[in-house]
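Contents: one structure, followed by commentary.
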Amino acid sequence: MNPGIVDPPTVDSEWSMLQEPTINGVRVKDIRPVVTGDGCLTEVWRRDWDFDGLEIGQVFQRLLDPGAINGWHAHIVTTDRLFCAHGRVRVSLYDGRRSSPTFGAVWQRIIGAERPALILVPPGVWHAVTALGQRPSLLLNLVDQGYDYAAPDHRRLPLDTPHIPLRLR
């Protein structure tokens, strides 16, 4: 038999994820749903988590059709907090901050109803979200600053940009 390549560990004995973000300032809060007699309860945000010390300026949801890709985009001042409430998504990040110690780093994580997590994406980090599976995915974003209709804090790049060393398709 060909010995193949050994898979690296991805979880510990408590099933906690081992893959820490490789981008400076990115944080992940793994969330454990509670199964109840009539379904499941999942906390999305609590002030006492002391997750980032930032306010919540706006909460919005984005429904993504199966296979849809929302990205690449970044903000100059806004911090995103991404949570997949339904379905499953892959969050892809690229550190585009030249002053960052992790400039040029890429990182990905799959989150969803089966493995909920809250991902903090700081300003200057390019991000994209890909809906996985055969059903729509519902992504929540708890931004620290509300959308400015007159001067949106959004920068965009095409999905196939040569500036980011990660292909989304």
Side-chain angles (χ1 to χ4, degrees), residues 10-12 16-32 42-64 68-113 115-132 137-169:
T10 57
V11 295
D12 63 19
S16 296
M17 299 294 291
L18 295 176
Q19 180 192 24
E20 291 297 318
T22 55
I23 296 178
N24 187 48
V26 173
R27 296 188 63 193
V28 176
K29 168 79 174 158
D30 287 308
I31 297 171
R32 298 182 186 225
T42 304
E43 292 181 316
V44 175
W45 175 263
R46 290 180 58 97
R47 184 179 313 275
D48 61 359
W49 284 345
D50 194 28
F51 187 59
D52 54 32
L54 300 172
E55 296 296 319
I56 294 177
Q58 180 183 19
V59 177
F60 62 90
Q61 68 181 24
R62 180 174 196 106
L63 186 65
L64 296 164
I69 302 173
N70 176 268
W72 289 104
H73 59 280
H75 310 286
I76 302 301
V77 296
T78 304
T79 298
D80 284 331
R81 298 180 194 98
L82 305 176
F83 181 89
C84 182
H86 181 76
R88 190 178 311 124
V89 300
R90 179 178 46 245
V91 178
S92 302
L93 305 179
Y94 169 74
D95 191 351
R97 304 166 296 175
R98 293 196 185 281
S99 62
S100 170
T102 56
F103 172 69
V106 295
W107 182 78
Q108 293 182 310
R109 172 102 179 251
I110 295 173
I111 60 173
R115 189 68 185 215
L118 185 64
I119 299 177
L120 181 131
V121 182
V125 173
W126 291 91
H127 46 292
V129 177
T130 305
L132 305 173
S137 296
L138 184 63
L139 184 72
L140 302 179
N141 194 346
L142 297 80
V143 295
D144 67 331
Q145 300 186 39
Y147 182 80
D148 184 340
Y149 298 101
D153 180 28
H154 277 204
R155 306 299 185 270
R156 295 206 180 266
L157 288 171
L159 294 180
D160 60 352
T161 179
H163 301 290
I164 298 177
L166 187 62
R167 295 298 151 246
L168 301 174
R169 295 183 201 253

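Residues: numbered from 1 along the sequence shown.
Taking both residues in full, the closest heavy atoms of A113 and A85 are given as CB-O, 4.4 Å, listed atom of the first, atom of the second, then distance. Scanning all heavy atoms of the two residues, the minimum distance from P122 to N24 falls at CG-O, 4.1 Å. For the residue pair W49 and E43, the shortest heavy atom distance occurs at CZ2-OE1, 3.8 Å. What you find for P152 and Y147 is that their closest heavy atoms are CG-OH, 3.2 Å. Looking at every heavy atom in both residues, W72 comes nearest to I164 through CD2-CD1, 3.5 Å. Here the closest non-hydrogen pair linking R155 and W126 is O-CZ3, 3.3 Å.
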| said: Run the side-chain contact (heavy atoms from CB on, under 4.5 Å) test on E55 and D144 for me, step by step, so that the C-alpha distance in whole Å, both residues' side-chain angles and the decisive distance to 0.1 Å come before the verdict. | reply: CA-CA 5 Å; E55 296 296 319; D144 67 331; 5.6 Å; no
| task | Apply the test side-chain contact (heavy atoms from CB on, under 4.5 Å) to residues C84 and R115: give CA-CA distance (whole Å), side-chain angles for both, the deciding distance (0.1 Å), then the verdict. | result | CA-CA 9 Å; C84 182; R115 189 68 185 215; over 6 Å; no
| query | Given V129 and R62, is the side-chain contact (heavy atoms from CB on, under 4.5 Å) satisfied, shown in steps? | reply | CA-CA 11 Å; V129 177; R62 180 174 196 106; over 6 Å; no
| field | Criterion side-chain contact (heavy atoms from CB on, under 4.5 Å) on L132 and T130, from CA distance to verdict | value | CA-CA 6 Å; L132 305 173; T130 305; 4.1 Å; yes
| Stepwise side-chain hydrogen bond (donor to acceptor under 3.5 Å, both in side chains) check, S92 with R167 | CA-CA 10 Å; S92 302; R167 295 298 151 246; over 6 Å; no
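Considering CD1 of I56 and CG of L142, their distance stands at 5.0 Å, rounded to 0.5 Å. Note that CG of L139 is 9.5 Å distant from CD of Q61, once rounded to the nearest 0.5 Å.
Listed by chain and number, the residues in a salt bridge (Lys or Arg N to Asp or Glu O under 4.0 Å) with D148 amount to none (sequence neighbours excluded). For D12, the salt bridge (Lys or Arg N to Asp or Glu O under 4.0 Å) criterion is met by no residue, not counting sequence neighbours.
Residue pairs meeting the side-chain hydrogen bond (donor to acceptor under 3.5 Å, both in side chains) criterion with at least one partner in residues 74-91, sequence neighbours excluded, are D52-R81, H75-D80, T78-D153, D80-H127, D80-N141, R88-E114.
Using modelled atom types, one finds no donor on one side chain facing an acceptor on the other under 3.5 Å when comparing R156 with T161.
Within a 6.0 Å radius of CD in Q58, other residues, nucleotides and ligands contribute more than 12 heavy atoms. When the shell of 6.0 Å around CZ of R47 is examined, it contains 12 or fewer heavy atoms from other residues, nucleotides or ligands.
Here the rule is side-chain contact (heavy atoms from CB on, under 4.5 Å) with F83, and of V44, I111, V89 only V44 fits it.
Side-chain contact between P165 and V106 is present, with heavy atoms from C-beta onward closer than 4.5 Å. Residues W45 and V59 are not in side-chain contact: their nearest non-hydrogen atoms beyond the backbone lie 4.5 Å or more apart. Within the 4.5 Å cutoff, the side chain of W107 has no heavy atoms near those of the T102 side chain.
A donor-acceptor pair is defined here as one N or O able to donate and one able to accept, closer than 3.5 Å; no such pair exists between the side chain of R109 and the backbone of I119.
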